[in-house]
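Below you'll find the structure, written out as structure tokens, and then a few comments.
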Protein chains: 2
Amino acid sequence: MSQQTTTPGDAPAATVKSAARALDLLDEIAARGPGTQLQLSQRMGIPKSSLHALVRTMVVKGWLETDPTGTVYKLGIHALVVSSAYLDGDAVLAQAAPVLDEVSAATEETVHLGRLDGTDVVYTAKRESAHPLRMHSAVGRRLPAYSTALGRAILSEQPMEVREALVPDSIDAMTPHTTTRKADVLTIIDEAATQGYAVESEESCLGVRCFGVTLPFGRTTHDAMSVSVPISRLGNGREDFIIETLLSARAKLASQREHSTVR
Amino acid sequence: MSQQTTTPGDAPAATVKSAARALDLLDEIAARGPGTQLQLSQRMGIPKSSLHALVRTMVVKGWLETDPTGTVYKLGIHALVVSSAYLDGDAVLAQAAPVLDEVSAATEETVHLGRLDGTDVVYTAKRESAHPLRMHSAVGRRLPAYSTALGRAILSEQPMEVREALVPDSIDAMTPHTTTRKADVLTIIDEAATQGYAVESEESCLGVRCFGVTLPFGRTTHDAMSVSVPISRLGNGREDFIIETLLSARAKLASQREHSTVR
DNA sequence: CTTCTCAATTCACATAGACGAACGCAGTTC
DNA sequence: GAACTGCGTTCGTCTATGTGAATTGAGAAG
């Protein structure tokens, strides 16, 4: 993804090449894994001699580390440090955290907070299910917005053009149940807009169904919350209960928002 | 952290200025919080005109975001994304995770994994206590090594010169109980080396005592595990139980290491 | 021991960026 | 409403850095 985010078709906007490359390099390694200088230079289309100085700089600063052998470059520990700072400075997270806890306590399932970034959603917080059977997930992970309940919830509050733009024409199936036709996905998002919540069943993780609602912050909502439940634990109205829980969580946040003048 | 440049007393080491600055800027914001372009340029000692292009580049790439007002710059969502990639690629974490779970289950207290970075330790994983009274902590947060049980455990396996170097002459008290004399801290570390585990009582967080042991990976150990317990829950041999749990966790990892040829 | 391969590294030139100073734009203060 | 203050932005020059080709070094293969 990263390579050349180039916001499509706009001004050349004086950009600092070496700084951009340093950041791209971090993204590249994050997205496609570690590599040698040569491999990375090929993957990114940068002359290896250029990469050389760059990599050295980044190692000195602790943003990259090498293998024991010294030839393979991977992310350094500074990659971790900034993440907590990002989360600390996030007003949405701070406000949503108590509600997240409540939903987690009420449902006893894995609960995520996520945010739209490009066509993906990035998890910004989670609460894990107490059950031994639980999803593998992590704060910072990105998944396509259109195939997750969380992302669909966000998309359902966007105007049509945005939905169109953020659902690609060709969708890779992550599981046999993934909806791969753009039109179908758009229909699903439309239903979510009507219902007020989004669903995704085994489309990104086999055996798991997710439910998502947006968080009522700001006028363009980029944040949402979802609950992921193994299908084996659904039934007996438990699905409805989870949806109710999510909707009332959102209602609670919305009312808080009216009382306190936050941002 | 940032601002140093000039790797102490060795080769001039061709460094890429603008890349270094981009990274320093991330560190700066992570360490001392967001700011306007002017503030940041002053904090970092960079001409504002130089910072201007840099900041724009980083915003375009999603590594920085602005306030709603557009004047205050803070970390962007990419800061989150790399962190999960860092953790994913970490062999130590993958191996230690099950043991972490066990210690968490056995003690029902907050358990941390951490790694030495300069004079600090950075948390790389945690399991939270189920008790409502629990520490505030987060993966990615850094604390001084010398004042935490986790850090002291790591230091206790380092040679004397390293300990000397990593404990500063002047220590800021984080709580009234913080040990602030370098000599005292070195003595405590020495005791930890003898005992095989490190302790810290209310020195970084009032009301909390922590116990730490190193993880037996590699020959120079940079990783350690700790348990943080509210003092009110100690007593009745619970302290000994926790220490035993940690020591046996380490023993388990050590034996695993002998069987599997990892890394 | 020689040759191949794949890695990092260095060098000398063309270019991209760092810098200080000047500018534009709000919101405040007098 | 005029002078200030704090902010981002632009411009032209000097310098740092990106680049391709050539070099070194370590293993593996012959």
Side-chain angles (χ1 to χ4, degrees), chain A residues 2-7 10-29 32-61 63-76, chain B residues 2-7 10-29 32-61 63-76:
Chain A
S2 57
Q3 83 170 7
Q4 189 86 336
T5 311
T6 42
T7 22
D10 63 358
T15 170
V16 183
K17 194 196 278 190
S18 53
R21 280 180 170 177
L23 302 176
D24 282 344
L25 179 53
L26 293 174
D27 280 337
E28 170 64 29
I29 295 179
R32 292 202 256 158
T36 65
Q37 286 189 17
L38 186 56
Q39 289 168 342
L40 292 171
S41 84
Q42 288 165 348
R43 275 157 54 176
M44 304 182 61
I46 294 182
K48 61 180 178 173
S49 56
S50 306
L51 198 63
H52 176 66
L54 184 59
V55 159
R56 248 198 345 216
T57 303
M58 295 174 73
V59 169
V60 169
K61 297 227 159 271
W63 281 83
L64 291 182
E65 292 170 1
T66 61
D67 236 16
T69 73
T71 63
V72 176
Y73 291 82
K74 53 184 185 176
L75 294 175
Chain B
S2 42
Q3 93 180 22
Q4 41 90 243
T5 322
T6 53
T7 23
D10 64 357
T15 170
V16 182
K17 193 193 280 192
S18 52
R21 281 179 169 177
L23 303 176
D24 282 346
L25 179 54
L26 294 173
D27 280 338
E28 171 65 29
I29 295 179
R32 293 202 255 158
T36 65
Q37 286 189 17
L38 186 57
Q39 289 168 342
L40 292 171
S41 84
Q42 287 165 349
R43 276 157 54 176
M44 304 182 62
I46 294 181
K48 60 178 180 174
S49 57
S50 305
L51 198 63
H52 175 66
L54 185 58
V55 159
R56 244 196 349 212
T57 303
M58 293 174 73
V59 169
V60 168
K61 297 225 160 274
W63 281 84
L64 290 183
E65 292 170 359
T66 61
D67 237 13
T69 74
T71 63
V72 176
Y73 291 82
K74 53 184 185 176
L75 294 176

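Just so it is clear: chains get the letters A, B, ... in the order the sequence lines come, proteins before strands, and each one is counted from 1.
- Listed for the Thr57(B) side chain is a donor-acceptor partner under 3.5 Å among the backbone atoms of Val16(A).
- Rounded to whole Å, atom C1' of dG8(D) lies 13 Å from atom CG of Leu40(B).
- Interatomic distance, Thr36(A) OG1 to Arg43(A) CZ, rounded to the nearest 0.5 Å: 9.0 Å.
- Rounding to the nearest 0.5 angstrom, the gap separating the CD1 atom in Ile29(A) from the CG atom in Leu64(A) is 5.0 Å.
- As a whole-Å value, the separation of Leu38(B) CG from dT5(D) P is 14 Å.
- Distances shown here put a side-chain N or O of Gln37(B) below 4.0 Å from the OP1 or OP2 atom of dT9(D).
- Side-chain N/O atoms of Tyr73(A) and Glu65(A) include no donor and acceptor closer than 3.5 Å.
- Interatomic distance, NE2 of His52(B) versus CD1 of Ile46(B), reported as 14.0 Å (0.5 Å rounding).
- A salt bridge does not link Lys74(A) to Asp67(A): none of the charged side-chain nitrogens sits closer than 4.0 Å to a carboxylate oxygen.
- The shortest non-hydrogen separation linking Pro47(B) to Arg21(B) is CD-NH2, 4.3 Å.
- In this structure, Ser50(B) reaches the bases: a heavy-atom distance under 4.0 Å links it to at least one base atom across the strands shown.
- Counting 5' to 3', DNA chain C first comes under 4.0 angstrom of a heavy atom of chain B and last does so at the ends given by dA18(C) to dA21(C).
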Distances for protein N/O vs nucleotides 10-17 of chain D N/O pairs under 3.5 angstrom?
unit_1  : atom_1 : unit_2   : atom_2 : d
dT10(D) : OP2    : Arg56(B) : NH1    : 3.4
dT17(D) : OP1    : Lys17(B) : N      : 2.5

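- Without hydrogens or angle criteria, Gln42(B) side chain to Gln39(B) main chain gives no donor-acceptor distance under 3.5 Å.
- For dC7(D), one of the phosphate oxygens OP1 or OP2 lies less than 4.0 angstrom from a side-chain nitrogen or oxygen of Thr36(B).
- Between Ala19(A) and Lys48(A), the residue anchored closer to the 5' end of DNA chain D is Ala19(A), taking for each the nucleotide with the nearest heavy atom.
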